[in-house]
Amino acid sequence: MTELPERPAETVAPKYDFAHAEPAWQAAWDKAGCFTAVDVPTGDKPKYYVLEMFPYPSGKIHMGHVRNYTLGDVVARYKRARGFDVLHPMGWDAFGLPAENAARQRKTDPASWTYENIATMRGELKRMGLSLDWSREFATCDPEYYGQQQQLFLDFWAAGLVERKQSAVNWDPVDNTVLANEQVIDGRGWLSGALVERKILSQWFLKITDFAPDLLAGLADLPRWPERVKLMQENWIGRSEGAEVTFPLVGADAGITVYTTRPDTLFGMSFLAIAPEHPVARTLAESNAAVAAFVADCASQGTSEAAIETAEKKGFDTGLKVVNPFNGETFPVWIANFVLMEYGTGAIFGCPCGDQRDLDFARKYNLPVPVVVSPTAGEVPEIGNKALDGDGFIVNSGFLDGMTTKAAKGAAIAKLEELGAGKSVVNWRLRDWGISRQRYWGCPIPVIHCAACGPVAETKLPLVLPKDVSFDKPGNPLDHHPHWKHVTCPKCGGKATRETDTFDTFIDSSWYFARFTAPKSATPTNMAAVNHWLPVDQYVGGIEHAILHLLYARFFTRAMRQTGHLAVGEPFAGLFTQGMVTHESYKDADGNWLYPEEVTKHADGRATTEDGREVTVGRIEKMSKSKRNTVDPGVIIERFGADAARWFVLSDNPPERDVEWTETGAQGAFRFVQRLYRIAETIAGEPKVAMPAVFEGEAKKLRQLTHRSIAAVTEALETFAFNVAVARAYELLGALVGDRPADAALLWARREAIEILARLVSPMIPHVAEAANMLLNPGAALVAMQPWPEPEPALLVKDELTVAVQVNGKLKGTITIAAGTDAAVAVAIAKAAVAGALKGQTIVKEIYVAGRIVNFVVKP
RNA sequence: GCGGGUGUGGCGGAAUGGUAGACGCACCGGACUUAAAAUCCGUUGGGCCCUAGGCCCGUGGGGGUUCAACUCCCCCCACCCGCACCA
C-alpha cells in the first residue's frame with residue numbers, strides 16, 4: 001500500500017493535500033501496472049480500445065486537451081472497472097506547419113522544437129493522472145513511425161491506389177512559395193501581403209474516390225456515431241444522381257459536357273458556364289488576352305471552396321455558342337468564377353429559374369430567365385430574385401410539360417440517351433485526396449524521379465528527413481538542400497532526383513490508431529494485434545474533425561485492408577465529439593487583446609486593468625492564443641489539483657457542447673474534492689458496525705439513495721452524460737453531511753454510501769477516490785483495480801409514488817400513493833385532492849399514467 | 001454560397017410526450033468565529049391577489065398535432081462550427 005506523505009502539522013482544518021497525494025497515487029498506479037495492455041492478450045476478458053485524438057505538440061496542453069483526455073479517461077477507467085481489458089494509448093501528431101514557423105522565427109530546428117514540446121506536454125498529461133499505457137507512446141515524426149508509413153504508401157501505390165495529377169495551390173508570387181489556406185488572409189499572403197494566385201502543380205493523390213460508395217454505405221454500420229457526423233460525411237461524399245449532357249459547339253466538331261442533377265429543367269436553359277480552369281477556357285486564354293485577363297482575375301480568388309462560392313459572381317462571355325439538344329436553340333458560353341472545376345465536369349448549364357446562383361448570375365448580366373418550374377400544376381409563376389429550387393411541376397418544356405420534377409428527370413434522361421446527347425450518371429462530390437505538400441516538416445514521400453524510368457519507389461526505408469536544413473529563405477528547405485535530392489535511380493542507376501514534397505499531415509493521423517496496437521512492430525501492423533484491438537471501441541475528439549480526419553481514417557482502413565495490413569472494415573466503432581472550451585475575451589481601450597490574469601473584474605460589472613484602465617469584456621469564444629483568452633491548465637492544476645480540473649471539465653455542461661471556463665466553476669470543483677475527502681475522513685472515524693438485519697426510516701432512505709445513485713451514475717457514464725453523473729454525486733454527498741448518527745443502521749448505511757461514492761466518482765476524480773478508499777479501508781485494493789459497484793435491485797424499488805394531478809392538462813396538485821395501488825384507487829384519491837377544481841365541471845375523460853400523472857378532462 | 005448544429009431562471013444546465021428549472025455557480029439571510037477565510041443551514045423563474053393559501057404567465061418567435069409539448073410537425077429569427085494545404 002502506498003504511503004501518503006503526512007499532512008503538514010501547521011494545517012489547522014483537516015484538508016486534502018492534493019499536491020502531494022496526486023503524484024503519489026500516480027506512482028502507485030504505475031507500480032501496480034494498472035494501465036498496461038499487451039499486444040496480443042491471451043486471457044478471456046473482452047477487449048475495449050479507448051482512444052482520444054492525439055495532440056499536436058504545440059507547446060503546452062490547453063483546456064481543450066484537458067477536456068478531451070478527461071472524457072476518454074473516464075471511459076477507460078469505467079470500462080476497466082466493468083471487467084474489460086482496456087487499451088488506452090497516447091502519442092503525438094508531431095509533423096506540421098507550426099514547427100516550421102517556429103524554426104523560422106526562433107532560429108531553432110523543427111525537430112528539437114517538437115521534441116521539447118512533447119517532453120513538456122507529456123509531463124503535463126502525466127500530472128493529470130490519466131490511465132494511459134505510456135509504453136506505447138510514439139510521435140509521428142519518429143522515423144520508426146513514418147518509415148512504416150512510407151511502406152504503406154508504396155504498398156498503396158503498387159495496389160493502384162495512388163496517382164499523379166495536376167492540382168491548384170495558393171501561390172505567393174513575392175515569397176515564391178506555396179501557401180496553406182490558413183496562410184491566405186483576405187486573399188493575400190500572410191507574410192508578404194502579396195495577392196495570392198492559383199498555381200497548377202503536378203502532385204500525388206490517393207484514390208479515395210475509388211471507395212466513395214463503400215465509405216457511404218459503411219456509415220450505416222456505425223450506430224454509435226453521432227447522427228450529425230454521419231450526415232456531414234454523407235453530404236461530404238455527396239452522391240448525386242443526374243446526367244451528363246453534351247452541348248455541341250456551334251461551328252466546331254467539339255462540344256462541352258456538363259453534369260447536372262436537374263435534366264428536367266433543360267428547357268429552362270439560359271447560358272452555359274465553365275470554370276476558369278476548364279480546358280476550353282484555357283485554350284481560349286492562349287489566343288485571347290481578354291479571356292486570359294479574366295481567368296487570371298479569377299485565379300486571385302484563392303483555392304478554398306468558401307472563397308470561391310462567396311465571391312461576387314463574375315462572368316465573361318466567350319462569344320462561343322452551344323446548341324441545346326432538346327430544342328435546338330443556341331446559347332452563349334460564359335466563363336464564370338463560381339463554377340468549380342473539381343466538381344462534375346467543370347461546366348454547368350445555367351437554368352436561372354431553378355437555381356439561385358444561376359439566377360443571380362442571369363440578373364447581373366441581363367440574361368433571359370425562362371420559367372420551366374411551377375409549384376402548382378399548370379400555372380406559370382413570376383420569377384423575381386428568388387429561384388424555384390424545390391420540387392414542383394414542369395411547364396413550357398415540350399414533352400416534359402405537366403410532369404412532376406421527379407418524373408421529368410427520368411423522362412429527360414431517357415430522351416437524352418435516345419438522342420445520343422447524354423446519359424445517366426452517378427456523381428460524387430468527394431474528390432481524390434491530394435497529399436503532396438511543399439514543406440519540410442512532414443513525412444518524405446519515398447519516390448525518386450528518373451528521366452528514363454519515371455517515378456520509382458525508394459528502396460531504403462525509412463527515408464529520413466535531413467537535419468542540416470536552412471529556413472533562411474522561403475519555400476521548401478528540402479528543395480534547397482545542397483545534395484539531399486540528388487540521387488541515382490534505384491532501377492537504372494542513372495542520375496535522378498528525389499521527390500522533395502512531403503505528405504499531408506492528415507496521413508500521419510490516418511492510421512496511428514492501428515500502430516498503437518503494436519507500436520514496435522517491424523511492419524506497419526502486427527496482424528494478430530491489430531485485428532484483436534481494432535476497431536477502436538470509443539474514439540473521443542473535437543467536432544472540428546467530423547469530416548476530414550475521420551473520413552481519411554476510414555479510407556486508410558479500407559486501403560490497408562486491401563493491401564493486407566489489417567482485416568477490419570471500420571476504424572472507429574464508437575465516436576464521441578466534444579464541444580470547445582471557451583472563455584470571455586478582453587480588450588483594452590486601444591483594441592489590444594488582454595489575458596484574463598491582466599483583468600480585474602469589479603462588483604458593479606466593470607472590468608479594468610490593474611492600473612485602472614478600462615477593459616471591454618468581449619464575447620465568450622473558443623480559447624485561442626491570438627485572442628489571449630486562454631487559461632493554462634498547468635496553472636490550474638497547480639492551484640486546484642488534477643482532480644478539481646477534471647471535475648470541472650466534466651461538470652455542468654454536456655460534453656458535446658461548448659463549455660465556458662470560469663474561475664468560480666474551478667473553485668466549486670475544488671470544494672467538492674475537499675468535501676468528499678473531509679466527509680470520508682469523518683465517516684472513517686465513526687464506529688464500524690456489523691450490517692444490521694433490517695433497515696428502516698432514515699437508514700433505508702439513505703440506502704435507497706445510494707443504490708439509486710449507482711444506477712443513475714452508471715447510466716450517465718454509459719451515455720456520456722457526465723454532467724448528470726456529477727450532479728448525482730453531489731446529491732449523494734449532500735446526503736452525508738451532518739452529525740454522527742446514534743442509530744447503528746444509519747452508521748452502516750453512511751459508511752456504505754461513502755465507500756460506494758468513492759468508487760462511483762473514481763473514473764472522474766481518481767486520486768481523491770483512492771485517498772478516500774484508503775481512509776475507509778486501509779489495506780484494501782486500489783480503487784483503480786476494483787470492480788464497478790452493482791446496485792441491489794430491492795433498493796431500487798420505490799415504496800411510494802408521487803403522482804401529479806392535472807385538470808385539463810394543468811397541474812393542480814400532487815398525491816402520494818403506495819406503490820402497487822391500482823389505477824381506480826389512484827384516480828379516486830386524485831379526484832378528492834382536486835375536488836375544488838372539479839366542482840361544477842363535468843368530467844369528460846380520466847387519464848391515468850401509472851405512477852406519474854392523473855389528468856381530468858373537464859367541461860363546464 | 002453549401003453543409004452541420006445550438007437557443008430553457010442572474011449564469012452553466014436537468015427533464016422515456018406526463019409535476020419545467022434536478023445538480024452546480026452566483027446572490028441574499030442565518031449559524032460558527034474576536035475577525036476573516038473555510039465550513040454548515042436556509043431562501044431565490046416572473047407577475048398578481050396578498051399574510052392561511054391561491055391565481056396567471058413562462059423553455060428564441062409564430063402556427064399546428066395531442067387529454068398533455070422543452071420534447072413531435074411546419075414557418076421564421078439569432079448565434080456558432082466546417083468547407084478539402086491549420087491541426
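Letters A, B, ... are given to chains in the order of the sequence lines, protein chains preceding strands, and every chain is numbered from 1.
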Using a 4.0 Å heavy-atom cut-off, does [X] contact any base of the nucleic acid, only the sugar-phosphate backbone, or nothing at all?
| X | value |
| --- | --- |
| A:Phe506 | base |
| A:Val737 | sugar-phosphate |
| A:Gln438 | base |
| A:Ser509 | nothing |
| A:Glu234 | nothing |
| A:Val178 | base |
| A:Gln667 | nothing |
| A:Leu551 | nothing |
| A:Arg437 | base |
| A:Gly665 | nothing |
| A:Leu97 | sugar-phosphate |

Closest approach to the side chain of [X], judged atom by atom: which nucleotide of [options] is it?
| X | options | value |
| --- | --- | --- |
| A:Arg357 | B:C40, B:G1, B:C67 | B:G1 |
| A:Arg671 | B:C25, B:C67, B:G24 | B:C25 |
| A:His545 | B:C41, B:A68, B:A87 | B:A87 |
| A:Arg675 | B:C23, B:C40, B:G18 | B:C40 |
| A:Leu811 | B:G82, B:G24, B:U19 | B:U19 |

For nucleotides 29-33 of chain B, give me every protein contact, N/O to N/O, under 3.5 Å, one pair per line with atom names.
none

Exercise for the section: Quick one: stems involving RNA chain B, counted as three or more successive Watson-Crick or G-U pairs, both distances short of 3.5 Å. Expected result: B:1-7 with B:77-83, B:10-12 with B:23-25, B:28-31 with B:39-42, B:45-49 with B:53-57, B:60-64 with B:72-76
Could you pull out every donor-acceptor pair under 3.5 Å between side chains of residues 725-736 of chain A and any protein atom, sequence neighbours left out?
unit_1	atom_1	unit_2	atom_2	d
A:Arg728	NE	A:Glu731	OE1	2.9
A:Tyr730	OH	A:Trp647	NE1	3.4

With sequence neighbours left out, write down each residue that passes salt bridge (charged side-chain N to carboxylate O under 4.0 Å, His left out) with [X], or none if nothing qualifies.
| X | result |
| --- | --- |
| A:Arg439 | none |
| A:Lys812 | none |
| A:Asp432 | A:Lys165 |
| A:Arg639 | A:Glu663 |

Practice task
Could you tell me if the ring centre of A:Phe513 sits under 6.0 Å from that of A:Tyr539?
Solution key: no
Practice task
Determine whether the aromatic ring centres of A:Phe720 and A:Phe722 lie less than 6.0 Å apart.
Solution key: yes
Between the protein and nucleotides 42-47 of chain B, which nitrogen or oxygen pairs are less than 3.5 angstrom apart?
none

Handout entry: Glycosidic conformation of B:G54, taking syn as within 90° of 0 and anti otherwise
Key = anti
Exercise for the section: List the protein contact pattern of nucleotides 11-16 of chain B with one symbol per nucleotide (5' to 3'): B for base contact, S for sugar-phosphate-only contact, - for none; contact means a heavy-atom distance under 4.0 Å. Expected result: -BSS-B
Check nucleotides 50-58 of chain B against the protein and report each pair of N or O atoms closer than 3.5 Å, with its distance, or say if there are none.
unit_1	atom_1	unit_2	atom_2	d
B:C57	OP2	A:Lys810	NZ	3.1

Handout entry: Contacts of type ring-ring contact (aromatic ring centres under 6.0 Å, His included), residue A:His545, not counting sequence neighbours
Key = A:His549
Fill in the blank from the handout: For A:Trp92, the ring-ring contact (aromatic ring centres under 6.0 Å, His included) test, sequence neighbours excluded, returns none
